Number of protein chains: 2
Amino acid sequence: MHQILREHIEKIVPLTDDEFAFVASHFISKKYKKHQFLIQEGEAVKYHYFVVSGLLKLVYTDDTVKQHIVSFAMEDWWESDFYAFYTQTEATMSLVCLEDTEVLCLTLGDYKKLCNDVPKMNRFFLEKANFGFLGAQRRIISSLTSNSQERYEQLLEQYPALFQRVPKSLLAAYLGVSRETLSRLSS
Amino acid sequence: MHQILREHIEKIVPLTDDEFAFVASHFISKKYKKHQFLIQEGEAVKYHYFVVSGLLKLVYTDDTVKQHIVSFAMEDWWESDFYAFYTQTEATMSLVCLEDTEVLCLTLGDYKKLCNDVPKMNRFFLEKANFGFLGAQRRIISSLTSNSQERYEQLLEQYPALFQRVPKSLLAAYLGVSRETLSRLSS
DNA sequence: TTCGTAGTGTGATATACCTCACACAGTAAT
DNA sequence: ATTACTGTGTGAGGTATATCACACTACGAA
């Protein structure tokens with residue numbers, strides 16, 4: 001059933017059939033349509049989501065009602081308002097479908113249970129967290145060192161699929177430039 | 001000896017005396033003077049560093065020789081060129097003392113050994129990694145949503161000690177503004 | 001003392017980017 | 001066929017910030 005999840009985990013730690021069955025039993029599968037909300041700002045965050053198929057945006061809305069893309073999440077990625085999930089506080093961001101999307105959902109209790117009961121999964125989540133941190137740090141360095149043009153090129157180089165699947169106005173909101181400026185970049 | 005390390009770890013997971021002794025045996029202590037390099041761009045990164053006392057800057061130098069502050073690290077923080085450390089590749093950043101600094105050093109082999117042999121330490125490092133990710137994500141959101149003035153205020157609110165201990169030109173290099181602009185901010 | 005260096009402030013000008021406005025194409029619903 | 005909506009491009013003008021230049025202070029070394 002969750003073959004994709006198994007392959008995803010086994011890129012980092014090998015699992016026996018029994019181990020994977022135990023792990024998989026903690027997830028529930030959900031399907032959403034384009035434009036649906038998985039997380040709504042202000043509400044509780046029940047799950048950390050593993051994306052089986054589809055595409056999500058994690059959106060932060062500031063005081064002036066302007067929307068900023070904190071992250072995109074496609075197949076094989078984990079996403080949530082992780083701060084709200086991890087500290088069980090209310091969401092400051094929204095998680096929204098850009099395409100019809102299937103996810104596997106894990107509660108915080110089960111996340112901790114898997115870490116405690118299955119050492120391999122603790123190591124798996126540590127590896128995910130470390131690379132998540134490195135990805136964020138990379139983006140910070142990019143914003144410190146590069147102008148709009150360069151950041152746009154880096155984004156397309158790193159995630160060429162986004163160019164096909166996401167409107168440019170959202171790429172602009174991810175990069176922190178206006179859609180007009182992005183449109184004027186020569187590329 | 002490493003009482004500070006013990007308190008630091010026990011904020012997250014309690015340890016028996018034996019467990020802590022085992023953990024502590026994997027660290028070596030080093031002392032550096034202001035201006036000394038713990039990590040030099042282009043060289044290997046042997047350690048992940050826990051700062052016992054003092055203050056460090058993690059610096060990325062771009063093509064145009066301009067320096068950007070990726071991070072400051074003070075007492076009770078972990079720091080390294082984590083990508084280079086974790087993947088055992090050569091450093092793309094430098095880690096430099098802003099003050100005389102004492103650190104506890106952990107190799108990647110021992111980091112993994114502690115994760116494998118001491119489940120509590122695996123959970124400890126997972127918690128650190130998760131909060132490290134959240135800190136980086138917070139900074140990304142700040143750069144997307146706020147102007148220089150606001151980012152400067154947020155920085156001083158979050159780490160008031162920095163204002164006393166580091167020159168403003170370095171705070172500017174952390175925020176991604178010129179030192180002149182920072183100097184002109186009304187605060 | 002005198003010198004060099006680090007840190008900071010400030011004026012003048014340049015520039016990257018934002019904002020507002022409008023136009024136009026593609027698509028889905030009526 | 002008409003309408004509404006989304007996505008995109010582009011001009012004009014405004015603003016935040018960068019860059020360059022210079023001045024001033026504090027401080028340690030010779």
Side-chain angles (χ1 to χ4, degrees), chain A residues 33-37 55-57 59-69 72 96-100 140-156 161-187, chain B residues 33-37 55-57 59-69 72 94 96-100 139-156 161-187:
Chain A
K33 293 282 179 193
K34 184 171 177 172
H35 298 131
Q36 278 195 293
F37 282 62
L55 183 59
L56 303 170
K57 63 174 176 181
V59 181
Y60 180 87
T61 307
D62 66 21
D63 339 318
T64 72
V65 198
K66 205 190 288 178
Q67 306 219 339
H68 306 272
I69 305 292
F72 295 106
V96 186
C97 292
L98 293 176
E99 302 172 358
D100 295 356
I140 289 169
I141 292 173
S142 174
S143 83
L144 287 175
T145 58
S146 307
N147 62 21
S148 307
Q149 171 94 38
E150 291 161 341
R151 295 206 308 280
Y152 186 49
E153 286 163 5
Q154 288 163 21
L155 177 65
L156 293 187
L162 287 182
F163 187 76
Q164 319 297 332
R165 294 170 71 176
V166 177
K168 301 208 175 158
S169 55
L170 289 185
L171 296 183
Y174 176 90
L175 292 170
V177 298
S178 68
R179 58 158 205 88
E180 294 94 333
T181 296
L182 190 80
S183 162
R184 279 185 258 257
L185 295 179
S186 56
S187 64
Chain B
K33 293 282 179 192
K34 184 171 177 172
H35 297 131
Q36 278 194 294
F37 282 62
L55 182 60
L56 303 171
K57 63 174 177 180
V59 181
Y60 179 86
T61 306
D62 66 22
D63 339 317
T64 71
V65 199
K66 205 190 288 178
Q67 306 219 338
H68 306 272
I69 305 292
F72 295 107
S94 296
V96 187
C97 292
L98 294 175
E99 302 172 357
D100 294 356
R139 189 163 161 206
I140 289 169
I141 293 173
S142 174
S143 83
L144 287 176
T145 59
S146 307
N147 61 22
S148 308
Q149 171 93 36
E150 292 161 341
R151 295 206 308 280
Y152 186 47
E153 286 163 5
Q154 288 162 22
L155 178 64
L156 293 187
L162 286 182
F163 187 77
Q164 320 296 333
R165 294 169 70 176
V166 305
K168 303 215 173 150
S169 55
L170 289 185
L171 296 184
Y174 176 89
L175 293 170
V177 298
S178 68
R179 56 160 207 86
E180 294 94 332
T181 295
L182 191 81
S183 162
R184 280 186 257 255
L185 295 179
S186 56
S187 67

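Every chain is numbered from 1, with letters handed out A, B, ... down the list of sequences. Predicted, not measured: the structure shown is a model, and the values here were computed from it.
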* Could you tell me which non-hydrogen atom of B/Q36 sits nearest to which non-hydrogen atom of B/K33, and how far apart they are? => OE1-N, 2.6 Å
* Run the side-chain contact (heavy atoms from CB on, under 4.5 Å) check on A/K168 and A/F163 step by step: do they pass? -> CA-CA 8 Å; A/K168 301 208 175 158; A/F163 187 76; 3.6 Å; yes
* **Steps toward side-chain contact (heavy atoms from CB on, under 4.5 Å) verdict (B/V96, B/H35)** => CA-CA 6 Å; B/V96 187; B/H35 297 131; 5.6 Å; no
* To do: Please determine which of A/L155, A/L170, A/L156, A/L98 meets the side-chain contact (heavy atoms from CB on, under 4.5 Å) test together with A/L162.
  => A/L155
* Residues in contact with DNA chain C, drawn from residues 171-181 of chain B - heavy-atom cutoff 4.0 Å -> B/R179, B/E180
* From the 5' end of DNA chain C to its 3' end, which nucleotides mark the outer limits of contact with chain B, defined by a 4.0 Å heavy-atom distance cut-off (strictly under)? -> C/dG7 to C/dA12
* Asked: CG of B/L185 versus P of D/dT17: gap in Å, rounded?
  -> 8 Å
* May I have the distance from A/R165 (atom CZ) to D/dG7 (atom C1'), rounded to whole angstrom? => 18 Å
* Look at B/D100 together with B/K34 and state whether they make a salt bridge at an N to O cut-off of under 4.0 Å. => no
* To do: Report yes if a donor N or O on one partner sits less than 3.5 Å from an acceptor N or O on the other, where the partners are the side chain of B/R151 and the base of D/dT17; otherwise report no.
  => no
* **Atom of A/A173, atom of B/L144 and distance for their closest heavy-atom approach** => O-CD2, 4.1 Å
* Asked: If you find the nucleotide of DNA chain C closest to B/R184 and the one closest to B/P167, which residue's nucleotide is nearer the 5' end?
  -> B/P167
* Asked: Cationic tip of A/R165 within the cone over A/F72's six-membered ring, i.e. under 6.0 Å and within 45° of the normal?
  -> no
* Rounded to the nearest angstrom, tell me the gap between atom CD in B/Q149 and atom C1' in D/dT17. => 13 Å
* To do: Rounded off to whole Å, could you give me the CG-to-P distance for the A/L98 and D/dT6 pair?
  => 14 Å
* **Any A/K168 side-chain nitrogen or oxygen under 4.0 Å from OP1 or OP2 of D/dT6** => no
* Please determine, by modelled atom types, if B/E150 and B/Q154 share a side-chain donor-acceptor pair under 3.5 angstrom. => no
* d(NZ, B/K66; P, D/dT17) in whole Å -> 15 Å
